[in-house]
Amino acid sequence: MSMPVLSVRNIEKSFGGIRAVNGVSFDVHKGEILGLIGPNGSGKSTLFNCILGQLPPDGGDVSVNGRNVSGMRASDLNRLGVGRTFQQLSVFPKMSVLDNIILAGQEHHGSMLSRLFGPGDAGLTAEAEKLIAFFRLSHLRDTLAGSLSYGQQKLVDAAMAFMAGPSLVLLDEPAGGVNLTMLAGLKERLTAYNAEHGTTFVVIEHNMEFVMSLCTRIIVLSEGSIIAEGTPDEIRANQAVIDAYLGG
Amino acid sequence: MNVRMRTLSILGLVALAIAAPIGQGNYIIYVLTSWLVFAIAAMGLNLTLGYAGQISLAQAAFMAIGAYVTSLLTLAGWHWILAMPLALLACFVVGLLLGYPALRVKGHFLAFVTLAFNTLVFLVLRNEDWLTGGSYGLVGMPRPDFGLFSTMKQLHFYYFTLGVTVLAALAMWGIVRSPWGRAFKALRENPIRAESLGVDTRRITLLAFAIGSAYGGLAGALVAPLVQFIEPGSFGVAHSLRILLMVVVGGSGYFFGPFLGAAVVILLPEVLRFAEGYYLIIYSALVIVMLVFVPSGLIGVWGRLHEKFWPRHEIRADLKEGAGLK
Ligand SMILES: Nc1ncnc2c1ncn2[C@@H]1O[C@H](COP(=O)(O)OP(=O)(O)OP(=O)(O)O)[C@@H](O)[C@H]1O
Ligand SMILES: [Mg+2]
């Protein structure tokens, strides 16, 4: 098998007495859409934050495309082609949708100096508009992100993760609070993006239908450890998973 | 406001600034010049605080550094045009250093750190009298002479300052409209998200301090030849608070806020002079009322009035289709 796009080895993280992540290891290969599920508080977001340099893990290693990125700053990791979203809505409310999207790409172009003396949009308006159209947000291009509906902000937030043309994207509950129509749209967009660009995804999500139909493989986390791994059908039938959800 | 309207109003403002001192006495011209000088200092703080969201209570300290560097060099025979860039550079570097605490502390704690820095600069200026003249300060700085255009006369110095202000404003316009400007705003609104999108928030924080401080330095480089006498007392913490007031009253994070804010803080006391002993009371009351009722500053008031009397009937863009149906 080819080299994994993301390789996570023995990640551990405790908060005081709470073992949030308890030695988690897994690989993700090119083009995969991996689902990460588990009851509330099972350590999914903490795992993301440890992988992405947002929180220092107590132990373990992370490599992206074969390169060890443990301890790397979030901004450097992003420049290596790793996009993400946060569980909490994280747009820039007083900037227009277009500015939000351009910001998400500008640090990947030119140098510090060209970003001061070059064009104000870093030459990215056309590309940003394409992405905005891809997420069906064109009519909101010049609206301040903060005045959009929650679901629309969620879409802008997700779109930002794609602006730099990442090879790997980690999405923390992209469907949280999004209505059913938009949910179908979001799933369709993610699938289309994956098919078009071969981008690898890791998706945390509580909406089972969404995860089961979007993902090619699923990992189940419970109390900081992986308790099951397999295809959506295998996970649906797994007794340990059912117990974790019902007992948790 | 569309682009043509904006261009016209800016040209109108510049024309007003050109016409304002004509036929006025030296004192009024002096007050107008200090308005421009403080507008430059406030513009810098507006970048650090208004755009990048980093509180600083040390802008007067940077005016001091700018003023003292310029004074020492021009007194040593340098031309202002050579002394000024060095003053800017000194402030840029010191501002960069002051930015480091901002990487660790935020909000009130950062305010106290910068406040302490301002006090430190004040004490150094007062105690190192072999260099700074101590509490007597420095006197007799020459005003720049550009051959055909000498700034010895008060009116000429005003126009010189106006020219520098316009250039400084253009440079600031370029900065806030550039990708850097976008990164500054992103730092203010959500630093963690910005970092996850590749923005080097450490570097951007330091730059926000360094550039804002350089503007303070430019203001200081103009104060020296304007007043031709500087002493530590003119750059104390109270003056930093005054510059902060200009930014907040004018409208923090708005490009023209500092001009308006500096006008209110500097010119209003002059206008209120007729009220004699009561002017400070009226003035303070006005400021309190403003800060309580329009925290977005005077530019924000304008926006509200405009919306009230000339509403744009803006439909939320996502509801446009529905609104068109009825
Ligand atoms: N910054 C923190 N400080 C202290 N404890 C934390 C912190 N972040 C997370 N925890 C704890 O770590 C555990 C895992 O939290 P985490 O947010 O990773 O769960 P999650 O699987 O993402 O849950 P959810 O599905 O509700 O988002 C929880 O017990 C939580 O209380
Ligand atoms: Mg979570």
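In this text the structure is predicted, and so the values were computed from the model without any measurement.
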Proximal to chain A - members of residues 89-111 of chain B, heavy-atom separation under 4.5 Å
none

So which part of Ile211(B) gets closer than 4.5 Å to some heavy atom of chain A, the side chain, the backbone, both or neither?
neither

Among the listed options Met163(A), Arg73(A), Arg141(A), the residue most often paired with chain B at heavy-atom distances under 4.5 Å:
Arg73(A)

Between Asp157(A), Asn78(A), Asp142(A), who has the most heavy-atom pairs with chain B when the cutoff is under 4.5 Å?
Asn78(A)

Filtered by a 4.5 Å non-hydrogen cutoff, the part of residues 104-136 of chain A contacting chain B is Ala104(A), Gln106(A), Glu107(A), His108(A), Met112(A), Arg115(A), Leu116(A), Pro119(A), Gly120(A), Asp121(A), Ala122(A)

Under 4.5 Å from any heavy atom of chain B - which part of Asp76(A):
neither

Report which part of Arg202(B) has an atom under 4.5 Å of a heavy atom belonging to chain A: side chain, backbone, both, or neither.
both

Please name all residues satisfying salt bridge (charged side-chain N to carboxylate O under 4.0 Å, His left out) with Arg9(A), sequence neighbours left out, ordered by chain then number.
Asp27(A)

Chain A contact residues among residues 176-197 of chain B, heavy-atom distance under 4.5 Å
Arg177(B), Ser178(B), Pro179(B), Trp180(B), Arg182(B), Ala183(B), Lys185(B), Ala186(B), Arg188(B), Glu189(B), Asn190(B), Ile192(B), Arg193(B), Ala194(B), Glu195(B), Ser196(B), Leu197(B)

